[in-house]
Amino acid sequence: MAAPGPGSLSLRLPRSLLDPGLQQLGCGDADGLVPVRLQLEAGRIAAITPLAPEPVDGEPLPLAITPPVDPHVHLDKAFSWGAFPNRDGTMAAALALNLREGEQRDRAQVLQRGERALEQAWRYGLRGLRSHVDSGGPCADPSWEALLELQRRWAGRVALQLVALAPLQHWQTAEGQRLARRVAGGGGLLGGVLGPPYPRQRADRSALRGLLQLAAELGCGVDLHVDEAATAPAHGLHTLVTLLEQGRPPVPITCSHASSMGLLAPEPQRRLAERLAALELAVVTLPTTNFWLLGRRGELTTAERPLAPVRALQRAGVPVALGADNVQDPWYPGGDFDPLALLRLSHRAAHSSLWSRQGLMPFTTVPARLLGLAWDGVLRPGAPADLVITNAHSWSELLARPPQRRVLRAGQWLEPPSCQQPDPVLASLGSS
């Protein structure tokens, strides 16, 4: 359900999400924010005009952003923690439980999980998701059938892009090549896992070369889980980069995780980042799941928490996006498809400076480009009247506590997700 929206709005918006060609808006304040009035018409932005600086004793304007895009989730297994809890919090346990869950997964379960996820994402303010899909074993067909159905149902509200996640060697089998044609025909991507245990370099290179050749033949992108580990720093990235330097296929390639790259010393890290940039590779960093699973040593938490080095990658010119990854499944017990929760976490985990262009790009313009969305997420006359408006007035307020929000889509207000409604249990306390 949606309610009629306003004809105009006065807001504080990040200058980085306003068209740089609108020179009359100025450069923004120290927080990178600009007070503006938006005129809305027929679900679009009709005009953007600057407002005078807010008086010290006046009512401050609410902070707003354009709807984020999440470039890495797993809708097929979301919300399965209850039946398959990973209380050890280890990678090995997560993988074993994932395989057990996949053996029992059916189309109805994935439909229910995916519908719940997309409904929450939509009402929280997300406008696009890229979901990896377990694509080997008995769960592959029911997962794909359900998610393709959800892709059709949600078209026009939440863009859903799908990645086939399978062992690298699978793409060289007849079954894998049939799947690849199906994925490419639906605008999806091919994926796989390049990570420890090492060494198995020759086998990895051969399988990886085959995957890249297949993607080039079909004209579809590639999104790999690379180096999701606390060991063998950046070994998978080095394998991929060395192979691509011998000849790169003309398809977009994303490296998801790249966690152990963060364990490299500064100079090797810089050199590798520059090689990634030269090859036009993108990186999606996933702090929520990585911080939960990685950096454990028995009962101890190590001082090193592997995470892709966002700022070093950006400095080298690598497009970097941030994703939520797992939501309430064996790989991570929490999460809720809330982009503002991820944005707030990234400030602490990845040192994302939200008041800078590079601090916001990983949630907005970069993932929009990775998913090939028609709108880059920058406001200009003619852009969609799509906004996530918070009750915070500054980045400090947004970071201080979970903000309340209102989501505007095509100029209409969305109802908030059910979890933001008054809890009936709490509301009934003290009643007779």
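Since we're looking at a predicted model, the values are computed, not measured. These numbers come from the heavy atoms of this one structure, side chains and all, not from hydrogens, waters or symmetry mates.
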statement: CG (Leu150) and CG (Leu75) are apart, to the nearest 0.5 Å, by 7.5 Å
statement: So CG of Asp336 and CD of Gln120: to nearest 0.5 Å the spacing works out to 4.5 Å
- prompt: Does a side-chain heavy-atom distance below 4.5 Å link Pro306 with His257?
  reply: no
query: Any side-chain heavy atom of Val183 within less than 4.5 Å of one from Cys220?
result: no
message: With side-chain hydrogen bond (donor to acceptor under 3.5 Å, both in side chains) as the test, pick out the partner of Asp76 among Arg113, Gln109, Arg105, His132.
response: Arg105
statement: Correct closest heavy-atom pair for Ala258 and Pro309 would be O-CD, 4.5 Å
- request: Would you check if there is a donor-acceptor pair between the side chains of Asp227 and His235 at a distance under 3.5 Å?
  value: no
query: Looking at Phe363, Trp395, Trp355, which hits ring-ring contact (aromatic ring centres under 6.0 Å, His included) with His347?
result: Trp355
query: Looking only at heavy atoms, which two atoms of Leu354 and Gly359 are closest? And how far apart?
result: CD2-O, 3.9 Å
message: Could you measure the distance from the CG atom of Leu218 to the CZ atom of Arg182? Nearest 0.5 Å is fine.
response: 14.5 Å
- prompt: Among side-chain atoms of Ser256 and Asp223, is any donor-acceptor pair under 3.5 angstrom?
  reply: yes
query: Side chain of Asn86, backbone of Ala93: donor and acceptor closer than 3.5 Å?
result: no
- prompt: Which one of Val226, Leu264, Leu224 satisfies the side-chain contact (heavy atoms from CB on, under 4.5 Å) criterion with Leu237?
  reply: Val226
- prompt: Tell me, do Leu345 and Leu322 make a side-chain contact under 4.5 Å, heavy atoms counted?
  reply: no
query: Between the side chains of Ser394 and Asp31, does any donor sit under 3.5 Å from an acceptor?
result: no
Interatomic spacing from CG in Leu162 to CZ in Arg130 - rounded to 0.5 Å: 10.5 Å
- prompt: For Glu145, does the CD atom sit with more than 12 other heavy atoms under 6.0 Å from it, leaving out its own atoms?
  reply: yes
- request: Mark yes or no for whether Trp171, through its side chain, and Gly191, through its backbone, hold a donor-acceptor pair below 3.5 Å.
  value: yes
- prompt: Any donor-acceptor pair under 3.5 Å linking the side chain of Arg315 with the backbone of Val318?
  reply: no
- request: List the steps and the verdict of side-chain contact (heavy atoms from CB on, under 4.5 Å) for His238 and Arg275.
  value: CA-CA 9 Å; His238 279 293; Arg275 293 171 73 190; 3.5 Å; yes
query: So, Asp338 and Arg344, do they make that salt bridge, N to O below 4.0 Å?
result: no
task: May I ask you to decide if Val378's main-chain N or O and Trp375's side chain share a donor-acceptor pair within less than 3.5 Å?
output: yes
message: Any non-hydrogen side-chain atom of Thr254 less than 4.5 Å from a side-chain atom of His72?
response: no
task: Could you please spell out the steps behind the side-chain contact (heavy atoms from CB on, under 4.5 Å) verdict for Asp325 and Trp331?
output: CA-CA 9 Å; Asp325 203 3; Trp331 301 88; over 6 Å; no
query: Is Arg409 reaching over with its side chain to a backbone N or O of Arg157, donor-acceptor style, under 3.5 angstrom?
result: yes
field: Cationic N near anionic O, under 4.0 Å, Arg178 to Glu175
entry: no
message: Contact between Leu279 and Leu240 at the side-chain level, heavy atoms closer than 4.5 Å - yes or no?
response: no
Donor-acceptor side-chain pairing of Lys77 and Asn98 below 3.5 angstrom: yes
- prompt: What are the two closest heavy atoms between Arg127 and Leu373, and how far apart are they?
  reply: NH1-CD1, 3.6 Å
query: So, the side chain of Thr390 versus the backbone of Ala64: is there a donor-acceptor pair under 3.5 Å, distance only?
result: no
field: Partner of Leu307 under side-chain contact (heavy atoms from CB on, under 4.5 Å), chosen from Leu294, Leu263, Thr285, Leu286
entry: Thr285
query: Looking at Glu115 and Arg153, does any basic side-chain N land under 4.0 Å from a carboxylate oxygen?
result: yes
task: Assess Arg100 against Phe84: is NZ or CZ under 6.0 Å from the centre of the six-membered ring, and within 45 degrees of the ring's axis?
output: no
task: Answer whether the closest heavy-atom distance between the side chains of Trp122 and Leu414 falls below 4.5 Å.
output: yes
Side-chain (Ser16) to main-chain (Pro14) donor-acceptor, under 3.5 angstrom: no
- request: Kindly compute the distance separating CZ (Arg116) from CG (Leu111), expressed to the nearest 0.5 Å.
  value: 15.0 Å
- prompt: Can you find a side-chain donor-acceptor pair between Ser259 and Asn290 that sits under 3.5 Å?
  reply: yes
- prompt: Okay, side chain of Arg205, backbone of Thr239: is any donor-acceptor separation there less than 3.5 Å?
  reply: no
message: How close do Ala94 and Pro330 get, counting heavy atoms only, and between which atoms?
response: CB-O, 3.6 Å
- prompt: Any sub-3.5 Å donor-acceptor pair from Thr289's side-chain atoms to Tyr332's backbone N or O?
  reply: no
field: Worked check of side-chain contact (heavy atoms from CB on, under 4.5 Å) between Arg369 and Met361
entry: CA-CA 10 Å; Arg369 187 164 80 247; Met361 285 170 61; 5.6 Å; no
message: Test side-chain contact (heavy atoms from CB on, under 4.5 Å) on Leu9 and Ile389; report intermediate values, then the result.
response: CA-CA 10 Å; Leu9 285 167; Ile389 304 170; 3.9 Å; yes
message: Using every non-hydrogen atom in the two residues, find where Arg15 and Leu22 come nearest and quote the distance to one decimal.
response: NH2-O, 2.9 Å
- request: Give a yes or no answer on whether the side chain of Arg405 reaches the backbone of Tyr124 with a donor-acceptor pair at less than 3.5 Å.
  value: yes
- request: Report yes if some heavy atom in the side chain of Pro68 is under 4.5 Å from a heavy atom in the side chain of Leu343; otherwise report no.
  value: no
statement: The reported gap from CG in Leu168 to NE2 in His225 (rounded to nearest 0.5 angstrom) is 11.5 Å
message: If I compare all heavy atoms of Ala324 with all of Thr288, which pair ends up nearest, and what's the gap?
response: O-CB, 4.1 Å
query: Would a 4.5 Å heavy-atom cut-off, applied to side chains only, mark Leu13 and Ile48 as touching?
result: no
